[in-house]
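Throughout, a chain's letter reflects where its sequence line sits, starting with A, and its residues are numbered from 1.
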Amino acid sequence: MVIRTRFAPSPTGYLHLGSARTALFNYIFAKSQKGFFILRIEDTDKERSKEIFVEDIIESLKWLGINYDEGPIFQSERIEIYRKVIEELIEKEKAYRCFCTKEELEAKRQEQITRGEPPRYDGTCAKLTKEEVNTKLSQNVPYVIRLKVPKQILTFKDLLRGEVKYDLSLLGDFVIAKSEEEPLFHLATPVDDYYQGITHIIRGAEHIPNTPKQILIYKAMNWKLPIYAHLPLILGESGGKLSKRHGAKSIQEYRQEGYLPEAIVNFLVLLGWHPLGQKEVVSLEEIIKEFRLEDVEVRHSAFNPKKLIWLNRVYLRKKSPQEIEKLILNDPYLNDLRNYLEVYSAEDTYKIIELGKERANTIRDIFTTVKFFYQEIDYPKELLIWKDYTFEQIKNSLITIKNSLENIPEEKFNYEFLKTVLDSLNEDKGLTYWPLRVAVTGLEASPPPIDIILIFGKKKTIELIEKAIEKLK
RNA sequence: GGCCCUGUCGUCUAACGGAUAGGACACCGCUCUUUCAAGGCGGAAAUACGGGUUCGACUCCCGUCAGGGCCA
């Protein structure tokens with residue numbers, strides 16, 4: 001059997017971590033089985049569907065490296081297919097037109113509630129004769145289309161949870177379409193899944209209660225059922241399902257902040273699944289090789305942003321400065337960082353990136369940790385003080401450093417020589433390095449001073465030391 | 001409210017009837033070090049609760065409680 005999976009978002013919001021995880025697992029499973037992964041846009045809700053969200057979904061998937069083999073297929077372009085199914089269901093008397101008005105339905109519902117029954121449709125219009133229906137149609141009485149639901153227990157198999165039971169008598173004959181041209185979610189989804197040959201429906205656990213409704217369509221049409229696997233939900237830090245409402249950031253926001261797609265993919269896959277052994281940093285290739293859908297965890301998991309940051313650091317450190325430069329140049333979301341690439345020579349810029357990335361969480365962070373290379377520095381003179389030394393002692397140390405540096409010929413201005421010279425100046429090396437480091441960075445915490453001096457060069461370094469000495473006078 | 005799903009360190013997870021319940025993030029020490037980061041070493045930290053089943057339950061069953069989802 002050729003495996004076919006799909007990701008079927010409705011374009012009513014930006015793609016966030018929760019739905020990206022669903023897409024990812026569908027993709028990984030399909031690829032692990034040498035199957036196909038399909039993108040379907042469920043845009044039948046014309047009010048809430050927006051083109052901008054379609055673009056966002058497509059762009060986000062592309063960025064994450066979740067490539068679909070077919071699609072995007074738009075439901076809005078498939079109205080004829082749904083119409084045929086609806087007509088067939090009515091023809092076979094599996095579904096019927098319901099002419100009840102909102103007021104009538106509301107009255108019945110209130111009645112049922114007062115009787116302590118679950119509110120559901122009582123099937124009045126199912127009893128209408130063909131003649132009665134035709135009369136109402138000719139009078140243009142508005143209607144919806146309902147599916148006939150048998151009063152029995154439906155059991156379906158979820159690949160991760162085993163058998164799930166559902167009492168259909170609680171459901172009543174639910175609405176599957178507002179008209180022949182306006183299918184609802186519970187109709188359009190199974191129809192597409194069937195016609196698109198989807199073998200495995202992998203989606204969020206919030207769809208478990210929807211599953212019986214969709215299975216009923218399959219049964220009414222006499223179609224072979226797909227395999228269902230409902231993924232655990234990702235919960236926000238505050239508890240509820242991760243969603244726009246719970247302050248979930250979109251994938252593109254992470255991109256904008258300088259996260260790497262590898263880190264996000266690795267992070268998401270760890271929510272509910274884990275690679276063999278004790279390793280946690282895994283590439284998409286390894287994931288695809290080791291992935292087994294049955295091994296996916298069923299319990300919901302909370303989103304842990306600190307672990308995402310940690311993974312991002314891991315991947316950031318693996319990148320060479322040249323690769324980071326390329327990312328900045330090629331990603332419009334990081335466009336503004338280009339300015340940083342033009343200040344120093346390419347060689348020096350690579351060195352700066354190297355220093356910055358060791359301390360950065362994200363690509364964007366790189367330049368904030370080494371901002372002293374790019375902006376005028378200022379700091380309170382107290383920052384120059386190492387331990388309990390006096391201003392006088394620090395000033396003298398800086399003067400010694402300055403004189404030593406001035407005496408170093410240009411050709412010997414390299415790491416080893418500088419280290420030998422600076423190491424020899426004071427018994428307490430902190431008396432040398434701390435004030436020197438503050439003088440060139442203005443910061444409490446920064447990369448090591450010699451690395452910085454080498455990029456600034458002799459002249460600029462001496463200028464900065466002179467400024468520091470000036471402060472202490 | 002009804003129905004459904006789920007309960008292992010704070011968080012993500014391993015253990016799929018048989019070890020001192022393992023790892024990762026975060027946290028706290030120590031170490032390295034001029035600072036920060038990274039690294040190395042170490043620490044604290046969990047089977048929700050109550051009943052069964054079994055020679056033996058994290059693991060199977062029932063109940064309670066808790067969290068979450070869907071519908072209304």
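When the P atom is used for both B:rA21 and B:rA44, the distance is 14 Å, rounded to whole Å. When the P atom is compared between B:rG23 and B:rG40, the two are found 15 Å apart, to the nearest whole Å. Taking the C1' atom of each, B:rC58 and B:rC9 are spaced 13 Å apart, rounded to whole Å. Of the P atoms belonging to B:rA14 and B:rA24, the separation is 15 Å, rounded to the nearest Å. Taking atom P in both B:rA45 and B:rG10, the straight-line distance is 10 Å, to the nearest Å. Nucleotides B:rU33 and B:rC27, compared at atom P, are 24 Å apart to the nearest Å. For the P atoms, the distance from B:rC12 to B:rU47 is 16 Å, rounded to whole Å. Across B:rC16 and B:rC32, the matching C1' atoms stand 42 Å from one another, rounded to whole Å.
The closest side-chain donor-acceptor pair between A:D428 and A:Y389 falls under 3.5 angstrom. Inspection of the A:T189 and A:R6 side chains reveals no N or O donor paired with an N or O acceptor under 3.5 Å.
Here the side chains of A:V370 and A:I353 are not in contact, with every heavy-atom distance at 4.5 Å or above. Between A:M221 and A:V191, the closest side-chain pair of non-hydrogen atoms is not below 4.5 Å. Considering only heavy atoms from C-beta on, A:R203 comes within 4.5 Å of A:Y228 through its side chain. Using a 4.5 Å heavy-atom threshold, the side chains of A:Y194 and A:V85 count as separate. At a threshold of 4.5 Å between non-hydrogen side-chain atoms, the residues A:V421 and A:N407 do not count as touching.
Rounded to whole Å, atom P of B:rA72 lies 14 Å from atom CZ of A:R120. The distance from atom CD of A:E163 to atom C1' of B:rC5 is 15 Å, rounded to the nearest whole Å. Rounded to an integer number of Å, the gap from CD of A:Q278 to P of B:rU13 is 15 Å. Rounded to whole Å, the distance from CG on A:L235 to C1' on B:rG10 is 15 Å. Whole-Å rounding puts the A:Y315 OH to B:rA38 P distance at 18 Å. Rounded to whole Å, atom P of B:rC3 lies 12 Å from atom CD1 of A:I153. In this structure, A:D451 places its CG atom 16 Å from P of B:rC36, rounding to the nearest Å.
If A:R437 and A:R317 are placed on RNA chain B by their nearest nucleotide, the residue sitting closer to the 5' end is A:R437.
For B:rU13, the OP1/OP2 oxygens have a side-chain nitrogen or oxygen of A:S301 closer than 4.0 Å. An OP1 or OP2 oxygen of B:rU8 is reached within less than 4.0 angstrom by a side-chain nitrogen or oxygen of A:R299. An OP1 or OP2 oxygen of B:rC25 is reached within less than 4.0 angstrom by a side-chain nitrogen or oxygen of A:W310.
We find that the ring of A:Y433 and the base of B:rU34 stack, their centres lying under 5.5 angstrom apart and their planes tilted less than 30°.
Using a 4.0 Å cutoff on non-hydrogen atoms, the parts of residues 261-276 of chain A near RNA chain B are A:L270, A:L271, A:G272, A:H274, ordered by number.
A donor N or O paired with an acceptor N or O is not found under 3.5 Å between the base of B:rC5 and the side-chain atoms of A:R161. At a cut-off of 3.5 angstrom, the base of B:rA24 holds at least one donor-acceptor pair with the side chain of A:K307. If you check distances only, the side chain of A:E206 never reaches the base of B:rG68 with a donor-acceptor pair under 3.5 Å.
Relative ring orientation between A:Y340 and A:F367 is described as parallel, the plane-to-plane angle staying below 30° on a 0-90° scale split at 30° and 60°.
Across all strands shown, B:rC60 forms a Watson-Crick or G-U wobble pair with B:rG52, both key distances being under 3.5 Å. B:rU20: no Watson-Crick or G-U partner with both key distances under 3.5 Å is found in any strand. Pair assignment for B:rC41: B:rG29, on the basis of Watson-Crick or G-U wobble contacts that are both within less than 3.5 Å. Base pairing of B:rC36: no nucleotide in any strand meets the Watson-Crick or G-U wobble criterion (both distances under 3.5 Å).
Comparing B:rC5, B:rA37, B:rC3 against the side chain of A:Y166 picks out B:rC3 as the nearest.
A:F267 pairs with exactly one of A:W310, A:F303, A:Y315 by the ring pair (Phe, Tyr, Trp, His ring centres under 6.0 Å) rule, that one being A:F303.
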